[in-house]
Amino acid sequence: MYQIIRTEKADNQLRDLLYYIADDSGDIDIALNYLKKLEKAIMRLSDFPDSGSIPRYAILRKQGFRVLIVEKNIVFYKTDHVHKEVIVYAIVDGRQEYLNLL
């Protein structure tokens, strides 16, 4: 079982996403339900760390990133098999240009 670690950048992006969903929908419960769905998907990586897809951009592939798609969002992470860690680097909206957000 791998430990899940989120960078400060990923935490900030997640917080901003939840604020956006709550504000856009006008319902905090919608944002909290989405948070549960996202967290569940990320926590599955502790058992299946290589289950994410290979990124489409070569530069991200070369850096060892994998991606986990949850609805419209993409979770960028790397797996450290030596230390049994999954490090989440970014959580971004897949509809925007995300190379600069990592």
Side-chain angles (χ1 to χ4, degrees):
M1 190 158 184
Y2 284 62
Q3 179 182 3
I4 305 293
I5 299 169
R6 272 200 316 247
T7 63
E8 184 177 341
K9 180 181 228 173
D11 276 340
N12 291 338
Q13 290 169 327
L14 180 59
R15 185 193 64 237
D16 292 346
L17 173 63
L18 295 176
Y19 284 148
Y20 173 78
I21 292 170
D23 188 50
D24 188 54
S25 67
D27 188 347
I28 190 71
D29 288 332
I30 291 173
L32 292 175
N33 285 336
Y34 186 72
L35 174 62
K36 287 178 193 169
K37 182 179 205 170
L38 195 57
E39 288 286 350
K40 185 177 178 182
I42 291 170
M43 290 310 295
R44 272 197 304 267
L45 294 173
S46 67
D47 291 322
F48 306 103
D50 293 325
S51 62
S53 303
I54 305 293
R56 63 180 172 154
Y57 291 113
I59 190 163
L60 297 176
R61 287 194 302 268
K62 288 178 185 172
Q63 292 175 4
F65 280 101
R66 293 186 80 85
V67 296
L68 180 68
I69 299 169
V70 181
E71 290 186 11
K72 297 176 203 159
N73 294 289
I74 303 174
V75 178
F76 289 89
Y77 72 95
K78 292 182 183 180
T79 304
D80 180 342
H81 292 292
V82 173
H83 296 103
K84 292 200 167 267
E85 295 174 338
V86 171
I87 303 104
V88 176
Y89 287 90
I91 302 168
V92 300
D93 187 323
R95 297 170 296 179
Q96 65 190 66
E97 184 52 52
Y98 51 76
L99 264 183
N100 298 336
L101 300 174
L102 287 173

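Heads up: numbering here begins at 1 and tracks the sequence.
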Looking at every non-hydrogen atom in both residues, tell me the closest pair between A31 and L18 and how far apart they are.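 Closest heavy-atom pair between A31 and L18: O-CD2, 3.4 Å.
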For A90 and A10, work out which heavy atoms get closest and say how close.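 Looks like N-CB, 4.0 Å.
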Let me check something: do [X] and [Y] share a hydrophobic cluster, defined by ILVMFWY side-chain heavy atoms less than 4.5 Å apart, either directly or through other members?
X: Y57; Y: F76; answer: yes
X: L17; Y: V67; answer: no
X: F48; Y: V86; answer: no
X: I74; Y: F65; answer: yes
X: L68; Y: L60; answer: no

Check the pair M1 / D47 against side chain to side chain contact (heavy atoms under 4.5 Å, CB included), numbers first and verdict last. CA-CA 5 Å; M1 190 158 184; D47 291 322; 4.0 Å; yes
Taking distance alone, no hydrogens or angles, what donor-acceptor pairs closer than 3.5 Å link side-chain atoms of residues 35-43 to residues at least two apart or in another chain?
residue : atom : partner : partner atom : Å
K37     : NZ   : E71     : OE2          : 2.5
E39     : OE1  : R6      : NH1          : 3.4
E39     : OE2  : R6      : NH1          : 2.7

Value rounded to 0.5 Å, distance of [atom1] in [X] from [atom2] in [Y]:
X: Q3; Y: L45; atom1: CD; atom2: CG; result: 13.5 Å
X: K84; Y: S46; atom1: NZ; atom2: OG; result: 11.0 Å
X: D27; Y: N33; atom1: CG; atom2: CG; result: 8.5 Å
X: L32; Y: I21; atom1: CG; atom2: CD1; result: 10.0 Å

If we ignore hydrogens and angles and just use 3.5 Å, is the side chain of [X] paired with the main-chain N or O of [Y] as donor and acceptor?
X: R66; Y: D50; result: yes
X: T79; Y: P49; result: yes
X: Q13; Y: I91; result: yes
X: T7; Y: Y89; result: yes
X: Y77; Y: I4; result: no

Verify whether the ring centers belonging to Y2 and H81 lie closer than 6.0 Å. yes
Without hydrogens or angle criteria, can the side chains of Y34 and N73 be said to hold a donor-acceptor pair below 3.5 Å?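 Side-chain D/A pair, Y34 to N73: present.
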